[in-house]
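Structure first, then comments.
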Amino acid sequence: MSEQASGNFISVSERLKRFKPASGRRTVKHYPTGIKKLDQMLGGGLYAGLTFLGARPGMGKSTFALQIASEIAAAGSPVLFYSLEMPSVRMEAKILNRAIHMRYPNSSLTADWFLREENNTGKQKDWKLIEKVGKEISGSFDKMYIKERKKLSVSGRDIVQDVEMFMNEKKEKPVVFVDYLQILSSCTGNRNATERQKNDENINELSGLSNKYDLAVFVISSLNRESYREEQRSLRMDSFKETGGIEYSASVILGLQPRNIRQPKFNYEQEISKEIREQEIVFLKQRYGISGMKANVSVDFHAAKDLYTEKGAFGKKSAQNVSRETKTDKKNTENANALPKKSGSASENTTLQDVKANADSLKNTETQALEAERPQTQNANLEYPDDPRARLEEEFRSLL
């Protein structure tokens, strides 16, 4: 029986002929993360296989994963985010907080502020803004599902069954996020299993899920204590906690670490206390692409804003700070018009040039006068103006 007749055995010769336009050849689907250089390093974004992310405590692993998940969902792909450590309400608050700061960079709101009971009353202006942004982005998250831990123990096998249930119900393949590996219990229920055995069991289950259904699975992992006992020790493959399965099963292994970790007198505690944490995404392994120092991606983590941006990108231009969920929402036209713009009338441009020449001696009275001349925005009923001085200073710095 010939290969063509049986259909069970197709030669490489026949497969190679399919590498041409409109040939029906199988392509690799990528899911853009929203961070341009990271997508370039990944060949277009996340793809089917296991992607692991590791970092020391306080580096914003969950926030980073949640931002990527949000971008993927906003682009129209289903996302299942298994939040095993934090309740879903805190993750939702992070999503909303990030969206607010993408539109209003000078806002003082935080995700923690949303959840404080004492802020439920007497904060009409703040809640008006929150409700407005919530309505604007809600349509971008129709396909995102945050699954929190509802029982004492959850294993990788439980996640596999849940994902299969989702695919049967929704008839779509999701991108799966697991936060995080070390919380998962033994798949066999063996209470005497070591941490290494337990982790490797769960990695095998998640790897099987990815391979069987051609899914992108993104897993957060803790690091071992040795990896951060020495503060200036950069992340390595052996930094991952109590497992060898990550090294062998992963298509991509990423790490988050401070950009200045190799500098003398680096202090980790000082680094994570900064308002803007200068970090880098380290490619420890990439099966189908480059890894090592040349693949590192520099990012800034705005912790209070629950926001990651490419190095130095935040505040330069409003348009650069608007994520995919903003761009895909129909209601954002009004919001874009409400943001201040650098270019405007001839008199406005002249004013900016004058201030540029005297930026070092800028006084509050001058700033207020300039703000008074600014055209009224369409959102005059919002009653939540940000600080005009801070906003103008951002514009002036970018012009210098």
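Atoms considered below: every heavy atom in the structure, side chains included; atoms not considered: hydrogens, waters and symmetry mates.
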Under the 3.5 angstrom rule, does the side chain of [X] hit a backbone N or O of [Y] as a donor-acceptor pair?
X: Asn97; Y: Ala93; result: no
X: Lys294; Y: Ser291; result: no
X: Asp39; Y: Pro32; result: no
X: Asp200; Y: Gly245; result: yes
X: Ser273; Y: Gln270; result: yes
X: Lys94; Y: Ala111; result: no
X: Arg287; Y: Ala250; result: yes
X: Tyr308; Y: Gly60; result: yes
X: Ser70; Y: Leu66; result: yes

Taking the side chain as C-beta and beyond, is there a heavy-atom pair between [X] and [Y] under 4.5 Å?
X: Arg56; Y: Ile272; value: no
X: Tyr268; Y: Pro57; value: yes
X: Leu215; Y: Lys173; value: yes
X: Ser107; Y: Lys305; value: no
X: Val163; Y: Tyr82; value: yes
X: Tyr180; Y: Lys61; value: no
X: Gln161; Y: Asp158; value: yes
X: Leu256; Y: Val282; value: no

Counting only heavy atoms from other residues, nucleotides and ligands, does the tally under 6.0 Å from [atom1] of [X] exceed 12?
X: Glu172; atom1: CD; answer: yes
X: Lys285; atom1: NZ; answer: yes
X: Lys274; atom1: NZ; answer: yes

Exercise: do Gln197 and Ser186 side chains pair donor with acceptor under 3.5 Å = no
Pairwise distance [atom1]([X]) to [atom2]([Y]) - rounded to 0.5 angstrom:
X: Ile220; Y: Leu254; atom1: CD1; atom2: CG; answer: 11.0 Å
X: Gln279; Y: Phe64; atom1: CD; atom2: CZ; answer: 9.0 Å
X: His101; Y: His302; atom1: NE2; atom2: NE2; answer: 10.5 Å
X: Glu247; Y: Ile203; atom1: CD; atom2: CD1; answer: 11.0 Å
X: Phe266; Y: Ile261; atom1: CZ; atom2: CD1; answer: 5.0 Å
X: Lys198; Y: Ser155; atom1: NZ; atom2: OG; answer: 10.5 Å

For [X] against [Y], the heavy-atom pair lying closest together:
X: Ile146; Y: Ser88; answer: CG2-CB, 3.7 Å
X: Arg157; Y: Asn202; answer: N-OD1, 4.5 Å
X: Val79; Y: Ala69; answer: CG2-O, 3.7 Å
X: Glu71; Y: Thr33; answer: CG-O, 3.3 Å
X: Gln67; Y: Asp306; answer: OE1-O, 4.1 Å
X: Ser221; Y: Ile246; answer: OG-CD1, 3.8 Å

If two hydrophobic side chains count as joined below 4.5 Å and joins carry through other members, does [X] share a cluster with [Y]?
X: Phe240; Y: Tyr248; result: no
X: Tyr288; Y: Ile253; result: yes
X: Ile100; Y: Ile276; result: no

In terms of ring plane angle, is the pair Tyr47 and His30 parallel, tilted or perpendicular, where the classes change at 30° and 60°?
-> perpendicular
In terms of the angle between their ring planes, are Phe166 and Tyr145 parallel, tilted or perpendicular, with boundaries placed at 30° and 60°?
-> perpendicular
Ser83/Arg90 under side-chain contact (heavy atoms from CB on, under 4.5 Å): CA gap, chis, key distance, verdict = CA-CA 10 Å; Ser83 179; Arg90 290 203 171 270; over 6 Å; no
Please test Asn296 against Met41 for side-chain contact (heavy atoms from CB on, under 4.5 Å), starting from the C-alpha separation and ending with a verdict.
-> CA-CA 9 Å; Asn296 289 3; Met41 293 296 103; over 6 Å; no
Can Glu164 and Val160 be said to form a side-chain contact (heavy atoms from CB on, under 4.5 Å), step by step?
-> CA-CA 6 Å; Glu164 290 176 334; Val160 170; 4.0 Å; yes
Sidechain N-carboxylate O distance under 4.0 Å for Arg259, Asp300 = yes
Output yes when Lys37 and Glu280 qualify as a salt bridge under the 4.0 Å nitrogen-oxygen rule, no when they do not.
-> no
Apply the test side-chain contact (heavy atoms from CB on, under 4.5 Å) to residues Phe177 and Ile72: give CA-CA distance (whole Å), side-chain angles for both, the deciding distance (0.1 Å), then the verdict.
-> CA-CA 11 Å; Phe177 288 77; Ile72 293 172; 4.0 Å; yes
